[in-house]
Amino acid sequence: TTSTATVNTIELVEVGLYKTNYVYEVLFLGKSIGRFVMDPNGDYYFWPNEKATGAWSSESLQMIAQKLDEVNGNEV
């Protein structure tokens with residue numbers, strides 16, 4: 001699944017997920033920015049990729065949070 005938002009008021013971006021077992025690879029602009037990893041209680045948490053550097057807009061962070069809520073079955 002993907003979410004879209006405007007970043008820097010010009011570029012349309014997407015947050016994508018790729019699932020393997022109990023881990024979702026989180027993709028932003030087609031690059032891995034981290035993973036959603038399931039804890040023993042069954043909830044997923046975001047673990048950022050240390051190689052993904054730079055600043056994040058609130059819109060980008062909201063898109064990542066929305067995906068995490070969807071994976072955890074929370075209402076969005």
**OP:** Keeping to residues at least two apart or across chains, list the salt bridge (charged side-chain N to carboxylate O under 4.0 Å, His left out) pairs with something in residues 40-50.
**Re:** none
Original post:
Among all residues two or more places apart in sequence or in another chain, which pass the side-chain contact (heavy atoms from CB on, under 4.5 Å) test with Lys19?
Top reply: Tyr24, Tyr44
Original post:
Do Val23 and Asn21 come close enough that some side-chain heavy atom pair is under 4.5 Å?
Top reply: no
Subject >> Verdict with supporting geometry, Phe36 and Lys67, side-chain contact (heavy atoms from CB on, under 4.5 Å) >> reply: CA-CA 9 Å; Phe36 295 159; Lys67 284 294 180 189; 4.0 Å; yes
Subject >> Worked check of side-chain contact (heavy atoms from CB on, under 4.5 Å) between Asn72 and Leu68 >> reply: CA-CA 6 Å; Asn72 280 320; Leu68 184 57; 3.7 Å; yes
Original post:
Quick one: side-chain contact (heavy atoms from CB on, under 4.5 Å) partners of Ala52, sequence neighbours excluded?
Top reply: Ile33, Asn49
**OP:** Would you mind reporting whether Leu17 and Val26 have side-chain heavy atoms less than 4.5 Å apart?
**Re:** yes
**OP:** Look at the side-chain heavy atoms of Ile, Leu, Val, Met, Phe, Trp and Tyr, link any pair under 4.5 Å apart, and say whether Val37 and Phe46 land in one connected group.
**Re:** no
**OP:** Starting at CD of Gln66, measure out to CD of Gln62 and round the result to the nearest 0.5 Å.
**Re:** 9.0 Å
**OP:** Using ring pair (Phe, Tyr, Trp, His ring centres under 6.0 Å) as the criterion, list what pairs up with Trp56, not counting sequence neighbours.
**Re:** Phe28
**OP:** Give the cluster check for Leu61 versus Leu29: same hydrophobic cluster or not, with ILVMFWY residues linked at side-chain heavy-atom distances below 4.5 Å.
**Re:** yes
**OP:** Can you sort out the partners of Tyr18 under ring pair (Phe, Tyr, Trp, His ring centres under 6.0 Å), two or more places apart, ordered by chain and number?
**Re:** none
Original post:
Excluding sequence neighbours, so at least two apart, what forms side chain to side chain donor-acceptor pair (under 3.5 Å) with Glu25?
Top reply: Ser32, Arg35
Original post:
Could you give the distance from CE (Met63) to OG (Ser57), rounded to the nearest 0.5 Å?
Top reply: 7.5 Å
Original post:
How long is the span from the OH atom in Tyr22 to the CG atom in Asp39, to the nearest 0.5 Å?
Top reply: 12.5 Å
